[in-house]
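Worksheet: one structure, shown below.
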Amino acid sequence: VVRGKGWVGKSAVAADLALAMAQSGAKVGLMDGGSYGPSVHIMFGVRGERPMMKEGNERKALIVPLERYGIKLMSIGLLVDEKQAVVWRGPMVSSAIRQFVTDVDWGELDYLVIDMPPGTGDIHLTIVQTVPVTGVIVVTTPQLVALADAKKGIAMFGQAQLKVPVIGLVENMSYFTPVELPDNKYYIFGKDGGKNLADEFDIPFLGQIPIVQSIREGGDIGVPLMMSDDEITKKAFMEFAGNAVRGIAVRNANFQPAEAF
């Protein structure tokens, strides 16, 4: 799950996508690829917890991911002190991300959702070189500045040498509907920007997620939206997740199996 610009709500989208998949019966893991600003451990209410270690094959120690709400979690935020800045050069970050793939006991999963940092840099290249990535989901807001950066993410994965299919694009913060005015929609960041961008690049449009206060509140207290009582917004996420799952199935049916770059 990728973004071009920061602050488009990508981590919340990745978290609730993973939960929606799990609630549909799939075995799901969620890996936080944000080494400098990890957030998965906060959104799932596991701050301060530490993963256990176990002995793997050839006496290699493996990290046991935490489990919460039925999905397996791994984040650099579970391994470092929150009060300390992660001051790492690119190779150190790449090494940590590689370990999250090779040294974590994920077990048998139907989906591993990777919450990627913004931009088009070292971590993205490390992932596609380490993991046979099935495809990417691009998150944007309707705002012109976010759309401009989203284009760069789409262009990166569309390069011939990477060959990572774009499953589709989801538009977050699409509109705001006040509780007291359920029939009203206010397009604070513009209207249909994500849909128009998907049309421009001829990629599937996976859905629109509204601005909802409970998403922010739930993320702060460790209860993601999919575990809340907000049925209207949960429906939007389930529709998005359903479109994403169908897109992955179509990708697997029409393309060669994924390989590491």
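Positions are given from 1 along the sequence.
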statement: To the nearest 0.5 Å, atom CG of L169 lies from atom CG of L206 at 7.0 Å
message: Strictly distance-based, threshold 3.5 Å: is any side-chain N or O of T177 a donor or acceptor partner for the main-chain N or O of N184?
response: yes
query: Sub-3.5 Å donor-acceptor pair from the side chain of R3 to the main-chain atoms of K10, do we have one?
result: no
query: Any chain of hydrophobic side-chain contacts (each under 4.5 Å) joining L62 to L112?
result: no
- prompt: Does some side-chain heavy atom of M156 sit less than 4.5 Å from a side-chain heavy atom of L125?
  reply: yes
query: Under the side chain to side chain contact (heavy atoms under 4.5 Å, CB included) criterion, do F44 and L66 qualify, and how do the steps go?
result: CA-CA 10 Å; F44 280 81; L66 297 184; over 6 Å; no
query: Got more than 12 heavy atoms from elsewhere within 6.0 Å of CG, N254?
result: yes
message: Taking M92's backbone N and O only, do any of them form a donor-acceptor pair with S95's side chain (distance below 3.5 Å, no angle check)?
response: no
message: Strictly distance-based, threshold 3.5 Å: is any side-chain N or O of D16 a donor or acceptor partner for the main-chain N or O of P224?
response: no
field: Flag, side chain of T233 to backbone of D230, donor-acceptor distance under 3.5 Å
entry: no
statement: Contacts of E231 meeting salt bridge (Lys or Arg N to Asp or Glu O under 4.0 Å) (sequence neighbours excluded), chain-then-number -> K234
field: Heavy-atom pair with the smallest gap, counting every atom of D115 and S11
entry: OD2-OG, 2.7 Å
message: Do I188 and M173 have side chains that approach each other closer than 4.5 Å (heavy atoms only, starting at C-beta)?
response: no
message: Please check: side-chain N/O of D32 versus main-chain N/O of V40, any donor-acceptor pairing under 3.5 Å?
response: yes
field: Heavy-atom closest contact (G194 atom, E171 atom, distance)
entry: N-OE1, 2.6 Å
- prompt: Looking at side-chain heavy atoms only, is the closest gap between K191 and P142 below 4.5 Å?
  reply: no
- prompt: Is there side-chain contact between V2 and F157, with heavy atoms separated by less than 4.5 Å?
  reply: yes
- prompt: Does a side-chain heavy-atom distance below 4.5 Å link I154 with I203?
  reply: yes
field: side chain to side chain contact (heavy atoms under 4.5 Å, CB included) between V8 and Q143, worked out
entry: CA-CA 10 Å; V8 298; Q143 190 176 9; over 6 Å; no
message: Working to the nearest 0.5 angstrom, can you tell me the gap between M116 CE and H124 NE2?
response: 4.5 Å
field: Any donor-acceptor pair under 3.5 Å from W106 side chain to F100 backbone
entry: yes
- prompt: Do the side chains of M21 and V113 get nearer than 4.5 Å, heavy atoms only?
  reply: yes
- request: Give, for atom OG1 of T140 and atom NZ of K195, the distance between the pair rounded to the nearest 0.5 Å.
  value: 15.0 Å
query: Counting only N and O atoms by type, is there a donor-acceptor contact under 3.5 Å from the side chain of Q23 to the main-chain atoms of M226?
result: yes
task: Identify the two heavy atoms, one from G9 and one from N172, that lie closest to each other, and give their separation to 0.1 Å.
output: CA-ND2, 3.5 Å
- prompt: Please walk me through it: do Y111 and L17 pass side chain to side chain contact (heavy atoms under 4.5 Å, CB included)?
  reply: CA-CA 11 Å; Y111 302 99; L17 171 64; over 6 Å; no
- request: Any chance you could measure L73, atom CG, to H41, atom NE2, to the nearest 0.5 Å?
  value: 11.5 Å
query: Do I42 and V13 share a hydrophobic cluster, counting only Ile, Leu, Val, Met, Phe, Trp and Tyr and linking them when any side-chain heavy atoms are less than 4.5 Å apart?
result: no
- request: Examine V28 and V223 and state if one hydrophobic cluster contains both, with Ile, Leu, Val, Met, Phe, Trp and Tyr joined whenever side-chain heavy atoms are less than 4.5 Å apart.
  value: yes
statement: CG (L30) and OH (Y69) are apart, to the nearest 0.5 Å, by 13.0 Å
task: Report yes or no: does R251 contribute a side-chain atom to a donor-acceptor pair with the main-chain N or O of I167 at less than 3.5 Å?
output: no
field: Shared hydrophobic cluster, V164 / F201 (ILVMFWY, side-chain heavy atoms < 4.5 Å)
entry: yes
- request: Grab the two heavy atoms, one from Q208 and one from S174, that are nearest each other, plus how far apart they are.
  value: CB-OG, 3.2 Å
Heavy atoms from other residues, nucleotides or ligands near CG of D202 exceed 12 (cutoff 6.0 Å): no
statement: Output for pair (Y175 OH, I211 CD1), nearest 0.5 Å, gives 10.5 Å
message: Taking CD in E180 as the centre, count heavy atoms belonging to other residues, nucleotides or ligands within less than 6.0 Å. Is the count above 12?
response: yes
- prompt: Out of curiosity, does V104 fall in the hydrophobic cluster containing I127 (side-chain heavy atoms, cut-off under 4.5 Å, transitive links)?
  reply: yes
statement: Note: K54 and D105 closest approach over all heavy atoms is NZ-OD2, 3.0 Å
task: Looking only at non-hydrogen atoms, find the nearest pair between L147 and T141 and report the distance.
output: CD2-O, 3.5 Å
- prompt: Can you check whether I63 reaches Q99 side chain to side chain, under 4.5 Å on heavy atoms?
  reply: no
